[in-house]
Number of protein chains: 2
Amino acid sequence: MNSSHFSISLHILTLLDQVKGQLLNSEYIAGSINCNPVLVRKELANLHKYGFVQSKEGKGGGSTLAKNPADINLGDVYRAVKQKSLLGESKNEPNPDCPVGRQITLHLNDLYDDAETALVKNLSSKTLKDFSASFK
Amino acid sequence: MNSSHFSISLHILTLLDQVKGQLLNSEYIAGSINCNPVLVRKELANLHKYGFVQSKEGKGGGSTLAKNPADINLGDVYRAVKQKSLLGESKNEPNPDCPVGRQITLHLNDLYDDAETALVKNLSSKTLKDFSASFK
DNA sequence: CATACTGTAACTATTTTTATTACAGAACAA
DNA sequence: TTGTTCTGTAATAAAAATAGTTACAGTATG
């Protein structure tokens with residue numbers, strides 16, 4: 001992250017929950033999200049890697065949840081989807097000749113890890129079932 | 001956020017704390033961060049807007065902290081620096097003809113606000129003084 | 001064997017972020 | 001009062017990240 005990986009993944013999972021086991025194909029899902037089907041397939045590949053969804057190839061194929069929605073918590077989804085640190089991840093190396101520059105990356109990482117842990121903990125208190133149930 | 005606004009702001013504040021009231025100019029700060037001085041000046045302008053720093057124009061000018069580092073908490077810095085939601089903020093509108101697409105932006109925003117509040121609360125438990133003191 | 005999917009790669013377009021250039025205005029010091 | 005060195009800010013350019021597109025091999029189905 002950032003970008004829209006988490007939003008897209010959660011959108012996919014919510015759709016899959018709402019249709020109760022029915023297979024949805026990437027074009028249908030992309031139509032709901034309003035994005036490119038290939039992006040959906042990439043996101044599904046990642047969700048599959050982490051065991052959240054199952055896919056069936058070939059004609060009539062598509063995807064479905066691989067777990068009970070009550071057993072999918074949003075912190076786990078976040079971790080599966082996350083690609084980089086939420087706050088930091090700057091690419092330009094601070095100046096090693098400066099006492100602050102030399103150490104700040106380390107200290108920022110500690111700070112960010114701790115803050116992000118708090119965020120994930122919050123997300124972990126909610127399941128896909130909870131989230132999906134808020135739709136009417 | 002994201003990007004490096006928070007990292008840069010915190011780097012600036014740490015430097016200003018370490019030099020104990022001495023004025024630092026944008027070129028010096030940029031040298032420690034290893035970025036462009038104009039970026040530092042923009043970041044300083046924002047920190048000034050929120051009352052964290054004071055600047056002095058003209059020859060011999062520069063910036064210094066406007067508050068006691070023990071009274072600057074990192075959650076406040078985060079809020080001052082933040083430009084967009086940490087998780088969400090997708091620009092393509094989901095499909096309004098889909099029950100999930102129609103409501104998901106709202107539900108994601110609720111989810112993200114709550115998660116981000118947990119993150120800010122974590123950051124708020126730490127002051128610039130604490131952070132700066134971890135440098136040796 | 002035609003059809004309709006997934007999975008994936010390669011490429012392009014778009015958007016976001018960062019860097020650069022430029023210059024007016026402020027403070028200082030000779 | 002003039003040259004110097006800063007800030008503040010705008011406009012632009014470059015670079016990086018993100019999303020979209022095209023293409024196609026492989027797989028299941030009828």
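Predicted model, so just to flag it, every value in this text is computed and none were measured. So that the names make sense, note that chain A is the first sequence line, chain B the second, and so on, each numbered from 1.
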Comparing Asn25(B) and Asn92(B) on DNA chain D - which has the more 5′ nearest nucleotide = Asn25(B)
request  = Name the nucleic acid region contacted by Ser63(B), choosing base, sugar-phosphate or nothing; use a 4.0 angstrom heavy-atom cut-off, strictly under.
outcome  = nothing
message = On DNA chain D, compare the nucleotides closest to Leu44(B) and Asn34(A); which residue's is nearer the 5' end?
response = Leu44(B)
query = Looking only at side-chain N and O atoms, does Asn36(B) come under 4.0 Å of OP1 or OP2 in dT20(C)?
reply = yes
query = Which whole-number value in Å describes the distance from Glu27(A) CD to dT6(C) P?
reply = 9 Å
message = At less than 4.0 Å, is any side-chain N or O atom of Ser55(A) found next to OP1 or OP2 of dT6(C)? Yes or no.
response = no
query = Which listed nucleotide (dG20(D), dT7(D), dT18(C)) is nearest to the side chain of Ser26(B)?
reply = dT7(D)
message = Nearest to the side chain of Val38(A), heavy atoms from C-beta on, is which of dG20(D), dT21(D), dT6(C)?
response = dT21(D)
Lys56(B) side-chain N/O to dC28(C) phosphate OP1/OP2 under 4.0 Å = yes
message = Expressed as a whole number of angstroms, how long is the span from Ile29(B):CD1 to dT7(D):C1'?
response = 12 Å
ask   = For dG25(C), does OP1 or OP2 lie under 4.0 Å from any side-chain N or O of Lys59(B)?
value = no
key: Rounded interatomic separation in angstrom, taking CD from Gln54(B) and C1' from dC6(D)   = 17 Å
note = Leu39(B) CG to dT17(C) P, in whole Å, measures 12 Å
note = From the candidates dA26(C), dT6(C), dG20(D), the one with an atom nearest any side-chain atom of Glu57(B) is dA26(C)
request  = Choose from dT9(D), dT8(C), dA19(C) the nucleotide whose nearest atom is closest to any side-chain atom of Ala45(A).
outcome  = dT8(C)
query = Taking the six-membered ring for Trp, are Tyr112(B) and Phe6(A) parallel (under 30°), tilted (30 to 60°) or perpendicular (over 60°)?
reply = tilted
SB check Asp114(A) Lys126(B) (cutoff 4.0 Å) = yes
query = Can Ser63(B) and Gln54(B) be counted as having a side-chain donor-acceptor contact under 3.5 angstrom?
reply = no
key: Whole-Å distance separating the CG atom of Leu23(A) from the C1' atom of dT6(C)   = 12 Å
Nearest-Å distance for atom pair NZ/P, residues Lys42(B) and dG8(D) = 13 Å
query = Arg41(A) has an atom CZ; how far is it from atom C1' of dG20(D), in whole Å?
reply = 12 Å
task = For Thr64(A) and Gln22(A), test the side chains for any donor-to-acceptor distance below 3.5 angstrom and give the result as yes or no.
result = no
remark   = In whole angstroms, the gap separating C1' of dT18(D) from NE2 of His5(A) amounts to 8 Å
query = What class does the angle between the rings of His107(A) and Phe131(B) fall in, given that below 30° is parallel, 30 to 60° is tilted and above 60° is perpendicular?
reply = perpendicular
